[in-house]
Amino acid sequence: MAFHTPDHESASDSNTPTRLYNPYKDLEVPIRNLYQLPTSPEHLFVEEAQRKHRSWGESLTFYTGCGYLGGAVAGAGVGFVEGVKSFEKGDTTKLRINRILNSSGHAGRTWGNRIGVISLLYAGIESGITAARDTDDVLNSVVAGLGTGVLYRAARGVRSAAVAGAVGGVVVGVAVTAKQMLKRYVPI
């Protein structure tokens with residue numbers, strides 16, 4: 001019990017002094033030490049500190065998670081617009097909200113799954129190429145984009161796979177070039 005009040009005292013407890021409980025009493029750590037975080041990256045092993053890129057597991061998790069989240073948000077936005085367009089003249093507010101929620105949820109799931117799978121393929125191919133070539137450069141990213149497009153549309157035929165591969169390679173090439181330009185010309 002943290003403290004005793006006069007209402008709860010018994011005859012045997014009347015002589016004991018009361019005190020409040022302080023959970024931080026025994027820590028004796030200055031508060032400013034809690035917020036002085038290191039500025040350099042912390043690594044468990046020396047090999048991790050020498051590496052200049054993410055591991056395959058980190059890339060896989062990062063790309064897939066960001067792809068799914070971005071796709072779900074974009075799909076929910078598209079679903080919201082579809083839900084608003086599907087309003088009918090006699091709909092109540094409750095029915096309109098239901099249409100918006102249903103269409104947003106459906107489109108968000110669909111887009112999130114598609115872009116998450118594309119990100120998963122891209123991360124796997126890029127990590128495989130990086131391991132095979134033992135270098136991490138722009139060519140790995142462009143070839144991974146090309147391979148992702150080809151694999152994603154392979155079931156629709158050769159022509160569709162070739163077009164999707166070209167689109168994937170171009171999109172990744174533009175993204176990598178834009179990232180390099182951003183690093184060079186925008187001081188962050």
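In this chain, residues are counted from 1 in sequence order. Quick caveat, the model's predicted, so the values are computed rather than measured.
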Nearest-0.5 Å distance that lies between atom CZ in Arg99 and atom OG in Ser104: 13.5 Å
Set of ring pair (Phe, Tyr, Trp, His ring centres under 6.0 Å) partners for Tyr63, sequence neighbours left out: Tyr122
Name of the residue among Ile100, Leu101, Leu95 meeting side chain to side chain contact (heavy atoms under 4.5 Å, CB included) with Ile97: Leu101
Criterion side-chain hydrogen bond (donor to acceptor under 3.5 Å, both in side chains) on Ser141 and Glu126, from CA distance to verdict: CA-CA 6 Å; Ser141 299; Glu126 184 187 38; 3.2 Å; yes
Student check: side-chain heavy atoms of Leu60 and Leu120 closer than 4.5 Å: yes
Donor-acceptor contact below 3.5 Å, side chain Asn140 vs main chain Thr135: yes
Min side-chain heavy-atom separation Arg133-Leu139 under 4.5 Å: yes
From Asp134 atom CG to Ile129 atom CD1, the distance as rounded to the nearest 0.5 Å: 14.0 Å
Arg156 atom CZ: more than 12 heavy-atom contacts under 6.0 Å: no
Contact list for residues 175-188, test side chain to side chain donor-acceptor pair (under 3.5 Å), sequence neighbours left out: none
Which donor-acceptor pairs under 3.5 Å do side chains of residues 106-115 form with protein atoms, sequence neighbours excluded?
{"unit_1": "Arg109", "atom_1": "NH1", "unit_2": "Gly105", "atom_2": "O", "d": "3.3"}
{"unit_1": "Thr110", "atom_1": "OG1", "unit_2": "His106", "atom_2": "O", "d": "2.9"}
{"unit_1": "Asn113", "atom_1": "ND2", "unit_2": "Arg109", "atom_2": "O", "d": "3.2"}

Shared hydrophobic cluster for Val143 and Leu151 (ILVMFWY, side-chain gaps under 4.5 Å): yes
Rounded distance (nearest 0.5 Å) linking atom NZ of Lys85 with atom OG of Ser103: 11.5 Å
Val142 reachable from Val176 in the ILVMFWY side-chain graph, under 4.5 Å edges: yes
Pairwise side-chain contact, Asp91 with Glu88, heavy-atom cut-off 4.5 Å (strictly under): yes
From Ile118 atom CD1 to Tyr68 atom OH, the distance as rounded to the nearest 0.5 Å: 14.0 Å
Backbone of Ala123 reached by a side-chain donor or acceptor of Ser59 within 3.5 Å: no
Flag, side chain of Ser160 to backbone of Gly157, donor-acceptor distance under 3.5 Å: no
